[in-house]
There are 2 protein chains.
Amino acid sequence: MQIKSPNMSVDLLSRPKCSECPIRHRAVCSRCDADEIEQLEQIKSYKTFAAGDPILWRGDDLTYVASVVKGVATLSKTMEDGRIQMVGLLMPSDFIGRPNRKTIEFDVVAATEVTLCCFQRVPFERLLATVPHVSQRLLEIALDELDAARDWMLLLGRKTAREKIATFVEMMVRRQHVDGLGLDHEPLVLPLTRDEISNYLGLTLETVSRQLNALKKEGVLQFVDRRRFEVIDMAALHAASGDDSDGGVLC
Amino acid sequence: MQIKSPNMSVDLLSRPKCSECPIRHRAVCSRCDADEIEQLEQIKSYKTFAAGDPILWRGDDLTYVASVVKGVATLSKTMEDGRIQMVGLLMPSDFIGRPNRKTIEFDVVAATEVTLCCFQRVPFERLLATVPHVSQRLLEIALDELDAARDWMLLLGRKTAREKIATFVEMMVRRQHVDGLGLDHEPLVLPLTRDEISNYLGLTLETVSRQLNALKKEGVLQFVDRRRFEVIDMAALHAASGDDSDGGVLC
DNA sequence: TCGGGCTTTTGATCTGCATCAAAGTCAGCG
DNA sequence: CGCTGACTTTGATGCAGATCAAAAGCCCGA
């Protein structure tokens, strides 16, 4: 399944179906009737950001809610002294912003070129209040995000550098596979620099580089350039991640 | 404001009001009409667990959703080799379980004696589908939890042991204050053992002990026994937490 | 009151990852 | 092309917190 053409209001609540992973990849929401879609159309617009552009800064007014159509954005927190922790990686079909909150608490930055499908927040909230299945859908999305955040807490608090890297690479494989960004046996992409990966995993960029090269040396991965790679030994990769056998949660 | 007597259905969605902290402490939900309360009454029951009792084990069927009335429970993930990461601390008014999910992905254990207000999941979901403000309320709760989880990710990934401990103690102060568990200038309680705290903070129990004693030696805290303490120097505690000036988020 | 089994403290040592430093690689662009 | 600046790799060293070990304190029941 490919990314939706940017011409459907249901972008906001849809997601490619993935039989493997019940947590983060949800079935397409097709419950909106014609009238509801019409309402969404009227408050909708598309915005594009270049790689590196800030999308929202901590404290900004949330005039829009949005969903990622194309590209990858990062969601992160920064401490006063500059330490950064990424708390989410926003890929196609992920949701940005939230109803009933006027400002955002995190920094959102485009990691690659990003296209967003935006809806004006206030009218969107009205829709929320009148159309019950929309708020139920949003509740599902929020609970999925909560599960993903908690899985990431296990990674940050208890995993070794090697396990963190293996988990991250495995996640890239799964998400790109189901999102249709890379066809089978095409090289996969790391949408982040070593520095950004380190901020996601709670490591330094040097450690990320060393661990990635260690996996290469062991024949688990192969790099075609600094951003593109192939997995040679999926089983070894999974074994290194420290996750339970099925590994279904963190994709 | 004291803990509610266990006689009101609105236990599920209510929470003591706290003017200081908009994130985790929500205003009481009083939108249910008499008929809705009646419906909730019929699917409600109270359950009590002794300290140390497991409440739910990973993979268990979720026959109930519940909210904590009294006591403290922990929510955690365990790796195959025994490493544990606590991903949530459930205190009075916190919600357990979720609609539309048949099993739970985490272990829930009573840290102290715990009283839960339980609702049968399936009928509760029916209520969700028919009464829009309940799902909106649950969405708010889920989004608050998500913010808290993401703040905790910053702690786990980037804070030092000292900052972690200071943040944790500060959180105990705030939550016990607003939940009315301890009156002003009464000793505050650590509802967890050193080992449990270490699992919450991604540390070892020895490091927790050392850092807590360091804060004592510096005159920031004072212990009346191993579980009870007073904060002598709130400003120093906050300064040690590494959080932004107002510190409003992690309470 | 004593004793046994917890939890906690304290000390000594080790190590994984951070930090510091410098060289290497690549993409874009004049 | 070759220069420039950003990203990445690699190496050397240091240290926060883990690990290992043992003593001390505390609760509780006999």
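Bear in mind that the values here come from a model prediction, so they are computed numbers and not experimental data. Values below: all heavy atoms of this structure, side chains included; hydrogens, waters and symmetry mates excluded. Letters go in sequence order (proteins before strands), and every chain restarts at 1.
Atom pair B:Phe229:CZ and C:dT9:P shows a separation of 13 Å (rounding to whole Å applied). Residue B:Leu156 contributes atom CG, which lies 20 Å from atom P of D:dA16 at whole-angstrom precision. Rounded to an integer number of Å, the gap from B:Lys164 NZ to D:dA18 C1' is 12 Å. The separation between A:Arg158 atom CZ and C:dG16 atom C1' is 15 Å, rounded to whole Å. Atoms CG (B:Asp225) and P (C:dT7) sit 15 Å apart, rounded to a whole Å. Distance, B:Arg227 CZ to C:dT9 P: 11 Å, rounded to whole Å. One can place CZ of B:Arg226 at 9 Å from C1' of D:dA24, the figure rounded to the nearest angstrom. We find that NZ of B:Lys159 is positioned 21 Å from C1' of C:dC17, with the value rounded to whole Å.
For the contact set between residues 201-220 of chain A and DNA chain D, defined by any heavy atom under 4.0 Å, the members are A:Glu206, A:Ser209, A:Arg210, A:Asn213.
For the pair B:Lys77 and A:Asp147, the salt-bridge criterion is not met [side-chain N within less than 4.0 Å of a carboxylate O]. One finds no salt bridge joining B:Lys47 and B:Asp53 here, because no Lys/Arg side-chain nitrogen approaches an Asp/Glu carboxylate oxygen to under 4.0 Å. A salt bridge is absent between A:Asp144 and B:Arg98: the closest approach of a Lys/Arg side-chain nitrogen to an acidic carboxylate oxygen does not fall below 4.0 angstrom. Salt-bridge formation is detected for the pair A:Arg150/B:Glu145: a Lys NZ or Arg NE/NH1/NH2 atom is positioned less than 4.0 Å from an Asp or Glu carboxylate oxygen.
Side-chain atoms of B:Ser209 never come within 3.5 Å of backbone atoms of B:Glu206 as a donor-acceptor pair (strictly under, hydrogens ignored).
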* Asked: Could you go step by step and tell me if A:Leu56 and A:Leu62 meet the side chain to side chain contact (heavy atoms under 4.5 Å, CB included) rule?
  -> CA-CA 8 Å; A:Leu56 286 168; A:Leu62 275 176; 4.0 Å; yes
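In this structure, A:Arg194 reaches the sugar-phosphate backbone alone: every heavy-atom distance under 4.0 Å involves primed, P, OP1 or OP2 atoms, never a base.
The listed nucleotides are D:dC7, C:dC17, C:dT7; the one nearest the side chain of A:Thr193 is D:dC7.
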